[in-house]
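Report on the following structure.
This structure is a prediction, so every number in the text was calculated from the model and none was measured. Just so you know, residue 1 is the first one in the sequence shown, and it goes up from there.
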Amino acid sequence: MTREECAARIPGGPESYRNGSFRRICGAPYMAPLYDPATQRPQDAKACIDQFEFPDIPCAYPVVWVTARQAAELCWAEGKRLCDTHEWEGACAGALLPPDYRFDLAQGQPTEVAVARMQAAHNARFGPTRKWSYGPTYQRGVCAAASFKTEGCNGGDFGGCGSNTYPAGSFPECRSALGVYDLNGNAAEHVNLPLASSQMSSAGSLTLGVTEMKGSWFIFDRYYAHPDWCRWRAPFWHGSRVLDPQSHANYHLGFRCCKTLN
């Protein structure tokens, strides 16, 4: 899909994505407040998240082939930060809940074991109430997920695997209740998974935790590769510390940034 085709698909065009109220709260364009509508108002938010995948511009293609470390550094360069896992999940599910990290399950464990134990506890808690950014049941055709792998792609070769994403925001119905787009489909996304309270980006950590991949990507209408409900936490795929110089990059993996409000 071209950028021009993207613009034609959006009622009112890309400019319609500008939200003056969000900008006043977040202090930046194309960011959405993170809060729990059951108990809070948008202006009660303590953090905001990019409405679109980086570079957070409607009808721009997502930046992929970026490592987790590079993603964190790019967010910091913009005065933002890489999102914590629970923030991304809240943006997708339409309600930011308090952090639920079971640090007690991680204490004293090897990283892979710690992640697996925390993942199992979290998924058991939220699995019965699973939902997607666009609604309570999985649907094809709503998000940017009907693209394809480049023929011959072996799963991670820069020369052989195309970044066959769509322009950001080209599926206007792929929107969460908090006004965040493309959380399902298009590019999967790097986030920070803290294994201790000192590694929480939302608490000001500059050391960060380990990598997690959130969401789904551009082939899921053709091949449902793994669960992609909002609060599902993934295994330690291609795992490393976020700031490891050798952290993972791939053709279907991008990111978006969060921002702490004063």
Side-chain angles (χ1 to χ4, degrees), residues 34-36 39 46-49 66-76 80-93 95-131 155-156 183 187-217 225-250 252-261:
L34 289 173
Y35 64 102
D36 183 357
T39 59
K46 303 299 183 186
C48 292
I49 189 170
V66 59
T67 68
R69 181 187 179 102
Q70 290 168 334
E73 290 174 338
L74 284 164
C75 289
W76 283 329
K80 302 178 184 179
R81 56 179 175 78
L82 194 63
C83 301
D84 282 337
T85 289
H86 79 282
E87 295 178 302
W88 191 101
E89 292 169 353
C92 182
L96 179 67
L97 301 181
D100 71 316
Y101 306 110
R102 290 289 307 276
F103 297 137
D104 59 307
L105 298 178
Q107 190 171 9
Q109 300 296 322
T111 301
E112 192 160 353
V113 174
V115 171
R117 293 178 68 178
M118 291 174 64
Q119 174 206 12
H122 174 90
N123 289 349
R125 176 185 175 190
F126 289 103
T129 57
R130 68 190 62 187
K131 64 181 298 186
L183 292 155
E189 301 179 28
H190 290 295
V191 296
N192 174 57
L193 177 64
L195 300 183
S197 59
S198 60
Q199 298 174 358
M200 292 179 64
S201 172
S202 56
S205 174
L206 298 180
T207 57
L208 304 182
V210 298
T211 57
E212 188 187 0
M213 186 185 80
K214 301 300 282 185
S216 49
W217 45 290
H226 56 75
D228 68 337
W229 44 277
C230 288
R231 298 193 194 274
W232 183 71
R233 290 194 185 161
F236 199 41
W237 289 327
H238 306 288
S240 71
R241 292 298 300 268
V242 169
L243 297 183
D244 187 328
Q246 303 304 314
S247 53
H248 185 58
N250 217 328
H252 60 73
L253 182 54
F255 69 103
R256 71 183 74 213
C257 303
C258 283
K259 178 183 178 183
T260 301
L261 302 181

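Heavy-atom minimum distance, Leu82 versus Ala68: CD2-O, 4.5 Å. Across every non-hydrogen atom of Val66 and Ala71, the tightest pair is CG2-N, 3.8 Å. The minimum heavy-atom distance between Leu208 and Asn192, with the atom names listed, is CB-OD1, 3.4 Å. In terms of heavy atoms, Gln119 sits closest to Ala234 at NE2-C, 3.6 Å. In terms of heavy atoms, Val242 sits closest to Ala72 at CG1-CB, 4.2 Å. Scanning both residues, Ser202 and Asp84, for their nearest heavy atoms gives OG-OD2, 2.6 Å.
By the SG-distance test at 2.5 Å, a disulfide connects Cys75 to Cys257. When the SG-SG distance for Cys92 and Cys230 is compared with the 2.5 Å cut-off, it comes out below that value.
The ring of His248 has its center no closer than 6.0 angstrom to the ring center of Trp237.
With a 4.5 Å cut-off on side-chain heavy atoms, Thr211 and Phe236 count as touching. Glu87 has its side chain out of reach of Ile49: every pair of non-hydrogen atoms, C-beta onward, lies at least 4.5 Å apart. Considering only heavy atoms from C-beta on, Arg241 comes within 4.5 Å of Val210 through its side chain. Between Lys131 and Trp229, every side-chain heavy-atom pair lies at or beyond the 4.5 Å cut-off. Taking 4.5 Å as the limit, every side-chain heavy atom of Gln70 sits out of range of all side-chain heavy atoms of His190.
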| field | Pair Arg256-Leu183, side-chain contact (heavy atoms from CB on, under 4.5 Å): steps then yes or no | value | CA-CA 10 Å; Arg256 71 183 74 213; Leu183 292 155; 3.8 Å; yes
| request: Take Met118 and Phe103 through the side-chain contact (heavy atoms from CB on, under 4.5 Å) test and state the conclusion after the steps. | output: CA-CA 8 Å; Met118 291 174 64; Phe103 297 137; 4.3 Å; yes
| Asn250/Trp217 under side-chain contact (heavy atoms from CB on, under 4.5 Å): CA gap, chis, key distance, verdict | CA-CA 12 Å; Asn250 217 328; Trp217 45 290; over 6 Å; no
| Would Arg102 and Arg117 count as a side-chain contact (heavy atoms from CB on, under 4.5 Å) if you check the C-alpha gap in whole Å, the side-chain angles of each, and the deciding distance to 0.1 Å? | CA-CA 9 Å; Arg102 290 289 307 276; Arg117 293 178 68 178; over 6 Å; no
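One finds the CZ atom of Arg81 at 11.0 Å from the CG atom of Leu206 (value rounded to the nearest 0.5 Å). Between the CG atom in Leu34 and the CG atom in Leu97 there is a gap of 11.0 Å [rounded to 0.5 Å]. Here the CG atom belonging to Leu193 is positioned 10.5 Å from the CE atom belonging to Met200, to the nearest 0.5 angstrom. Here CH2 of Trp232 is found 11.0 Å from CD of Glu89. Values are rounded to the nearest 0.5 Å.
A donor atom on one side chain and an acceptor atom on the other are not found under 3.5 Å apart for His86 and Asp100.
Judged purely by atom type and a 3.5 angstrom limit, Glu212 has no side-chain atom pairing as donor or acceptor with the backbone of Val191. Formation of a donor-acceptor pair under 3.5 Å by the Thr207 side chain with backbone atoms of Gln199 is not found in this model. With hydrogens and angles disregarded, no donor-acceptor distance shorter than 3.5 Å links the side chain of Ser247 to the backbone of Thr67.
A side-chain contact (heavy atoms from CB on, under 4.5 Å) with Arg231 is found for exactly one of Arg130, Lys214, His122, namely His122.
Atom CD of Glu112 is surrounded by 12 or fewer heavy atoms from other residues, nucleotides or ligands within 6.0 Å.
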